[in-house]
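Structure, as structure tokens:
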Amino acid sequence: MCLEILSVQNGYSDVRPRLPKGGPDGGRDVQATYNGDICFGAIGFTNDATDLDDHRKQINKKFKGDLASAIKAQKKDGIERIGFVFFTNVGLTPTIVDDMKKLAYGKGIVHCDIFDRERLRIALDSNRGYAIRFRYLDIPLSDAEQKDFFTTWASEINSVVGPGLRGLDQATKRIQFLLEAQLVLDSLAVVVRLDSSLWGVSKGEVVFQATLSLRVHSDGLIGLVFGGGNVSIVQTPDQLKKSRDKFPRNRQYGYCFSWMLPGTPQYTRYFEGVDKLEHPTNAAGEDKEGHIRTSSSSGVLDIERNTVGFSALSEPFLERFQPSFRALELDGCMILFDCNRDFAEHIEEISVVGNGYEFLRLSKKDWRIEKGKFSRLNLPKEAHQTEDSAEWVTLRPSRASSAFTIDLMASTPRRYDW
């Protein structure tokens, strides 16, 4: 208790016990630093302490003995300057305290502090001592004392407890992610957010493609090329408002081509022996044969929305209908994006998401728009776009890198329910 009281007094630091479990301590129960000088401390408590002369004489004798031991230790250890602190549960008069200090200063002590019963009470009844009093004397805090304590120490408590809790929370999330990252991906998509509605940025015309290459193939799966585009726009926003159609008639298509190595486990499972495999319509040679369509989708195209999503994998039902891989295998993968320029110039944000995690988030400052090629697009048979139907561009990292990458080792992806 005395050690903790001293630790909250101004000027004292590095407060520690000498021999907390007992033994010869050379008259030094506590050691601290006071304004740069080593300070020895001694404790003289007595049972059933009173203010009677017998107890005061006993404590005075104890003080002189401990002071002599401190000076002896100073000389033995070759310390130039020392301070001395004395704790007692006996009440002392101001005259007795002054005499004790004069004795100490007369023997070369540079700083002397004495905590008698009244001084200890004052320390314990202050906002710095409430917690010490409660812990050692089991004296609860009144409502006013609690308010005083938390008003004074709230920021300090938060500065100590906050980082620990945040660190624990981060560690827990990291462990949860590493466990879930061992699971096979059930979903993978790119979500694109625009600065205006799809109609406002490109009159509904869009082709967007993500090319994802794994760092190491997963049982033969090298990567995915997926995206989507619009079918012919047949309704403007004004026509939609006037229409009595239950659903809008503007449509979109989605696709995913898997880049597979023939003869590998995943290729054998899904495609060996299949007569009709769909390949990209505008690709040629090995590039065409190496990509096999593994998913397709169609649906309503909402041209008044400013968010568009493109999916690569679909949720399994009883079995998996597409080649897949574990979430952790996304680490180190390379990603590029291709699309029409009108669409690209209004993209605000791109996110790669899957299995409830956001693996990558990019904003405008993270990419540059450079001239692309129609041949980079792996389009499905239902796509009506041609080389001349738009100006094609590629989104590459704004920094000196050829492709975006996902780093799952340096940070933990954000989970949607966190």
Side-chain angles (χ1 to χ4, degrees), residues 184-194 197-199 201-202 204-212 221 223-235 240 245-260 266 269-271 274 276-283 288 291-325 327 330 335-340 343 347 350-360 376-386 389-390 416:
V184 173
L185 279 170
D186 289 332
S187 62
L188 182 67
V190 170
V191 179
V192 180
R193 185 170 63 83
L194 305 170
S197 68
L198 184 58
W199 175 260
V201 302
S202 61
E205 293 292 332
V206 57
V207 173
F208 185 90
Q209 176 178 284
T211 303
L212 187 153
L221 177 65
L224 304 171
V225 179
F226 63 98
N230 66 288
V231 182
S232 298
I233 303 299
V234 296
Q235 287 179 306
L240 281 169
D245 294 340
K246 189 173 183 180
F247 297 105
R249 290 189 287 123
N250 294 322
R251 310 291 294 177
Q252 63 179 327
Y253 63 87
Y255 63 93
C256 177
F257 290 95
S258 294
W259 185 7
M260 307 286 293
Q266 292 216 65
R269 177 181 177 186
Y270 292 101
F271 304 113
V274 178
K276 294 183 179 180
L277 297 176
E278 184 183 339
H279 306 287
T281 57
N282 60 323
K288 181 175 183 178
H291 291 80
I292 304 169
R293 187 166 188 176
T294 51
S295 73
S296 62
S297 64
S298 63
V300 173
L301 178 66
D302 189 345
I303 59 175
E304 295 186 287
R305 286 180 61 87
N306 70 334
T307 302
V308 189
F310 306 94
S311 177
L313 302 174
S314 59
E315 293 283 343
F317 179 71
L318 298 181
E319 67 171 302
R320 298 186 185 279
F321 300 100
Q322 304 161 280
S324 191
F325 52 95
L330 282 172
I335 307 175
L336 280 176
F337 306 105
D338 292 273
C339 58
N340 52 309
F343 185 78
I347 298 176
I350 300 174
S351 296
V352 179
V353 299
N355 277 23
Y357 285 96
E358 183 179 66
F359 296 113
L360 181 67
R376 287 185 51 82
L377 297 169
N378 285 5
L379 296 180
K381 57 187 178 183
E382 62 267 34
H384 68 275
Q385 288 84 1
T386 65
S389 61
Y416 295 125

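Being a predicted model, the structure only gives us computed values, none of them experimental.
Atom CH2 of Trp259 and atom OG1 of Thr294 lie 14.5 Å apart (nearest 0.5 Å). For the atom pair Cys256 SG and Leu188 CG, the distance stands at 8.5 Å (nearest 0.5 Å). Leu224 contributes atom CG, which lies 10.0 Å from atom OG1 of Thr211 (distance to the nearest 0.5 angstrom). A distance of 5.5 Å separates CG of Asp338 from CG of Leu377, quoted to the nearest 0.5 Å. The distance from atom CG of Leu336 to atom CG of Leu212, rounded to the nearest 0.5 Å, is 10.0 Å. To the nearest 0.5 angstrom, Phe337 atom CZ is 8.5 Å from Ile347 atom CD1.
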*Going through the distances and angles, do Leu360 and Glu358 end up as a side-chain contact (heavy atoms from CB on, under 4.5 Å)?*
CA-CA 6 Å; Leu360 181 67; Glu358 183 179 66; over 6 Å; no
*Would you check, one step at a time, whether the test side chain to side chain donor-acceptor pair (under 3.5 Å) holds for Asn230 with Glu205?*
CA-CA 6 Å; Asn230 66 288; Glu205 293 292 332; 3.2 Å; yes
*Going through the distances and angles, do Gln209 and Tyr255 end up as a side chain to side chain donor-acceptor pair (under 3.5 Å)?*
CA-CA 9 Å; Gln209 176 178 284; Tyr255 63 93; 2.9 Å; yes
*asked:* Go through it in stages, so that I can follow the logic: the residues are Leu240 and Ile303, the test is side-chain contact (heavy atoms from CB on, under 4.5 Å), and I'd like the CA-CA distance, side-chain angles, deciding distance and then a yes or no.
replied: CA-CA 10 Å; Leu240 281 169; Ile303 59 175; 4.1 Å; yes
*Can you check side-chain contact (heavy atoms from CB on, under 4.5 Å) on Leu185 and Phe325, steps first, answer last?*
CA-CA 6 Å; Leu185 279 170; Phe325 52 95; 3.4 Å; yes
_I'd like to know whether Thr307 forms a side-chain contact (heavy atoms from CB on, under 4.5 Å) with Val191, so could you lay out the CA-CA distance, the side-chain angles of the two residues, the decisive distance to 0.1 Å, and finally the verdict._
CA-CA 7 Å; Thr307 302; Val191 179; 3.6 Å; yes
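Counting all heavy atoms, side chain and backbone alike, Gly254 lies closest to Arg293 at O-NH2, 3.2 Å. Nearest heavy atom pair, residue Ser295 against residue Gln322, reads CB-NE2, 2.9 Å. Closest approach of Ala327 to Phe359, counting heavy atoms only: CB-CZ, 4.1 Å.
Without hydrogens or angle criteria, Glu278 side chain to Lys381 main chain gives a donor-acceptor distance under 3.5 Å. Formation of a donor-acceptor pair under 3.5 Å by the Asn340 side chain with backbone atoms of Ala390 is not found in this model. Side-chain atoms of Arg251 never come within 3.5 Å of backbone atoms of Tyr253 as a donor-acceptor pair (strictly under, hydrogens ignored). Distance alone, capped at 3.5 Å, places no donor-acceptor pair between the Asn378 side chain and the Pro280 backbone. In terms of modelled atom types and a separation under 3.5 Å, the side chain of Ser187 and the main chain of Asn355 share a donor-acceptor contact. Judged by distance alone, with hydrogens and angles left aside, the side-chain atoms of Gln252 form no donor-acceptor pair with the main-chain N or O of Gly229 at under 3.5 Å. Counting only distance, with no hydrogens or angles, the side chain of Glu304 and the backbone of Ser197 share no donor-acceptor pair below 3.5 Å.
Between Ser258 and Leu221 the shortest side-chain heavy-atom distance falls below 4.5 Å. Contact of the Val300 side chain with the Asn250 side chain is not registered, since no non-hydrogen atoms from C-beta on lie closer than 4.5 Å. Between Asp186 and Leu313, every side-chain heavy-atom pair lies at or beyond the 4.5 Å cut-off. For the pair Val207 and Cys339, the minimum side-chain heavy-atom distance is 4.5 Å or more. Taking the side chain as every heavy atom from C-beta outward, Val352 and Ile335 approach each other to under 4.5 Å. The side-chain heavy atoms of Met260 and Phe271, taken from C-beta on, include a pair separated by under 4.5 Å. Put simply, the side chain of Leu330 does not reach to within 4.5 Å of the side chain of Tyr357, judged on heavy atoms. Within the 4.5 Å cutoff, side-chain heavy atoms of Arg249 are placed close to those of Gln235.
Under the 30°/60° scheme for interplanar angles, the aromatic rings of Phe343 and Phe310 are found to stand perpendicular.
Residues satisfying the ring pair (Phe, Tyr, Trp, His ring centres under 6.0 Å) test with Phe226, not counting sequence neighbours, are none.
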